[in-house]
Number of protein chains: 2
Amino acid sequence: MPAAKSRLTDFLPYLMSVSTNAVSDMVAAQYQARFGLKIPEWRVMAVLGDAGPQTQRQLVGATRMDKVAVNRACKVLEERCLIQRSPNASDGRSHHLELTPAGRAVHEEIMPLALGIEKRLFAVLSVQERKDFKAMLARINEQVCKLESLQAADTDQKS
Amino acid sequence: MPAAKSRLTDFLPYLMSVSTNAVSDMVAAQYQARFGLKIPEWRVMAVLGDAGPQTQRQLVGATRMDKVAVNRACKVLEERCLIQRSPNASDGRSHHLELTPAGRAVHEEIMPLALGIEKRLFAVLSVQERKDFKAMLARINEQVCKLESLQAADTDQKS
DNA sequence: GCGAAGTGGTTCCGGTTGCAACCAAATCGC
DNA sequence: GCGATTTGGTTGCAACCGGAACCACTTCGC
């Protein structure tokens with residue numbers, strides 16, 4: 001018997017990518033169908049609804065999206081009158097973004113939908129498993145950050 | 001105390017997406033830096049090296065990529081003389097794709113690199129945890145497929 | 001056999017993404 | 001205070017991606 005070959009289907013980054021894409025596509029399809037919102041737009045609304053008015057910079061931190069993506073999502077949401085900008089007294093470059101009443105209404109509808117989707121998707125995991133899964137994702141995340149900083153140090157050294 | 005707000009940072013699809021993107025970016029950076037290969041190209045090479053000559057159709061199944069993505073990856077790999085096409089005697093529309101000697105050489109180098117990356121990335125999980133994690137991903141995947149088919153049935157009904 | 005339907009592969013095109021350059025306002029250094 | 005640097009936000013652009021139309025060949029139905 002030959003040594004076990006390393007198959008793509010055993011490669012964890014590949015498996016993560018496949019599952020995550022499947023989940024994301026399903027979530028995106030739901031939001032698109034029911035509210036005409038894409039995921040970046042929904043993320044912005046979720047954060048604004050949860051944490052109140054924010055600048056774009058803060059949204060970048062909270063959503064882990066690119067600042068261009070945040071900007072575009074905000075533009076769309078503003079055009080659809082779901083959020084509004086008000087000048088930032090303490091910094092003339094930025095604005096405070098917040099949900100309009102219409103935006104808040106959508107937020108109140110969309111959050112239960114989101115939680116419902118999550119519940120259905122992850123119904124195959126027990127409460128404990130979901131908790132473990134979440135914790136493992138967090139640890140993997142940390143590890144990536146750690147490795148990234150090591151690598152950056154490496155290339156710094158070489159240059 | 002108000003009911004716990006549903007935060008984006010507790011939303012599992014979001015967490016999966018963040019972690020997976022971080023992992024994918026790191027893997028992609030390594031392949032790009034060392035072999036000038038992108039992930040779709042690497043996936044095709046991994047499958048060809050593992051399972052021998054395949055048609056594009058078979059690669060679509062094995063890699064879970066879009067057929068356009070497979071086609072493009074193959075075109076690039078062929079231009080770089082890492083794979084070659086030979087006519088398919090039993091079906092004039094398709095070709096058999098297989099690694100060239102140069103391709104095989106790269107494959108032999110790249111697989112250990114891939115496994116090394118995987119090892120470093122997932123070193124924060126114990127052997128048992130990795131196994132559980134993998135199994136959970138698979139279950140989530142299945143669940144998505146199940147829900148997708150339900151939904152398809154739904155829309156069929158309505159139309 | 002031959003026309004119709006199906007399938008593998010390719011091309012085209014519209015949409016999305018993210019980097020890099022840029023502008024405007026704020027902060028720093030002196 | 002005033003030029004130099006930094007930072008929030010915006011725009012431009014090039015790469016990427018995937019659906020849909022398309023072509024070439026094969027298979028099905030008769």
Side-chain angles (χ1 to χ4, degrees), chain A residues 17-18 20-22 24-29 31-33 36-44 47-48 53-79 83-98 148 152, chain B residues 17-18 20-22 24-29 31-33 36-44 47-48 53-79 83-98 148 152:
Chain A
S17 160
V18 169
T20 301
N21 284 342
S24 288
D25 288 352
M26 159 139 300
V27 171
Y31 289 156
Q32 185 68 52
L37 290 177
K38 298 183 198 143
I39 287 186
E41 287 147 24
W42 174 76
R43 283 188 184 173
V44 166
V47 170
L48 289 180
Q54 308 264 319
T55 64
Q56 285 187 190
R57 186 88 202 88
Q58 291 174 304
L59 286 171
V60 167
T63 59
R64 294 239 187 179
M65 300 191 302
D66 188 83
K67 67 177 179 171
V68 180
V70 168
N71 181 278
R72 285 197 268 247
C74 289
K75 214 187 297 181
V76 171
L77 291 174
E78 198 184 3
E79 272 161 19
I83 68 175
Q84 64 190 9
R85 292 166 195 250
S86 49
N88 183 345
S90 69
D91 188 334
R93 293 169 301 182
S94 68
H95 297 84
H96 286 302
L97 299 157
E98 65 183 320
E148 258 167 9
Chain B
S17 159
V18 169
T20 301
N21 285 342
S24 289
D25 288 352
M26 159 139 298
V27 171
Y31 291 157
Q32 185 68 50
L37 290 177
K38 296 179 200 149
I39 286 185
E41 288 146 24
W42 173 74
R43 282 189 185 173
V44 166
V47 171
L48 290 180
Q54 309 264 318
T55 64
Q56 286 189 189
R57 186 89 202 88
Q58 291 173 304
L59 287 171
V60 167
T63 59
R64 294 241 187 180
M65 298 192 304
D66 187 83
K67 69 176 178 172
V68 180
V70 169
N71 181 277
R72 284 197 270 246
C74 289
K75 211 187 300 181
V76 170
L77 292 174
E78 199 183 3
E79 272 161 18
I83 67 174
Q84 62 190 10
R85 293 166 195 250
S86 49
N88 182 345
S90 67
D91 189 334
R93 293 169 301 181
S94 68
H95 297 83
H96 286 302
L97 298 159
E98 65 182 321
E148 259 167 9

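On a predicted model such as this, the values are computed, not experimentally measured, just so you know. The sequence lines fix the lettering, A, B, ..., with proteins before strands; numbering per chain opens at 1.
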J.: Find the distance Gln56(A):CD to dG9(D):C1' and express it as a whole number of Å.
T.: 6 Å
J.: Show your reasoning for whether side chain to side chain contact (heavy atoms under 4.5 Å, CB included) applies to Gln56(A) and Val70(A).
T.: CA-CA 7 Å; Gln56(A) 285 187 190; Val70(A) 168; 4.2 Å; yes
J.: Using atom NE2 of His96(B) as one end and atom C1' of dG8(C) as the other, report the distance to the nearest whole Å.
T.: 13 Å
J.: Does a nitrogen or oxygen in the side chain of Arg57(B) sit under 4.0 Å from OP1 or OP2 of dG8(C)?
T.: yes
J.: Would you tell me if any nitrogen or oxygen in the side chain of Lys67(A) comes within less than 4.0 Å of OP1 or OP2 on dT7(D)?
T.: no
J.: Rounding to an integer number of Å, can you tell me how far Arg85(B) CZ sits from dG8(C) C1'?
T.: 12 Å
J.: OP1, OP2 of dA15(D) versus side-chain N and O of Lys38(B): anything below 4.0 Å?
T.: no
J.: Just the rounded figure in Å: distance from P of dG9(D) to CG of Asp91(A).
T.: 8 Å
J.: Within the modelled atom types, does a donor on one side and an acceptor on the other bring the side chain of Arg93(B) and the base of dT7(C) under 3.5 Å apart?
T.: yes
J.: Starting from C1' on dT7(C), measure out to CG on Asn88(B) and report it in whole angstrom.
T.: 13 Å
J.: May I have the step-by-step check of side chain to side chain contact (heavy atoms under 4.5 Å, CB included) for Gln54(B) and Leu48(B), ending in yes or no?
T.: CA-CA 7 Å; Gln54(B) 309 264 318; Leu48(B) 290 180; 3.7 Å; yes
J.: Which nucleotide sits closest to the side chain of Val68(B): dC13(D), dG9(D), dG19(D)?
T.: dG19(D)
J.: In this structure, how many angstroms lie between the P atom of dG19(D) and the CE atom of Met65(B), rounded?
T.: 14 Å
J.: Output the rounded distance in Å from CD1 (Ile39(B)) to C1' (dA15(D)).
T.: 15 Å
J.: Asp25(B) has an atom CG; how far is it from atom P of dT17(C), in whole Å?
T.: 14 Å
J.: Are a donor atom and an acceptor atom from the side chains of Arg93(B) and Thr55(B) found within less than 3.5 Å of each other?
T.: no
J.: On DNA chain C, nearest-nucleotide positions of Ala69(A) versus Ser90(A): which is more 5'?
T.: Ala69(A)
J.: Do Ser94(B) and Arg85(B) meet the criterion of a side-chain donor-acceptor pair at a distance under 3.5 Å?
T.: no
J.: Show, in sequence, the C-alpha distance, side-chain angles and deciding distance for Gln84(A) and Glu78(A), and conclude whether the side chain to side chain contact (heavy atoms under 4.5 Å, CB included) test is met.
T.: CA-CA 6 Å; Gln84(A) 64 190 9; Glu78(A) 198 184 3; 5.8 Å; no
J.: Does the base of dG18(D) carry an N or O that pairs as donor and acceptor with the side chain of Arg72(B) under 3.5 Å?
T.: yes
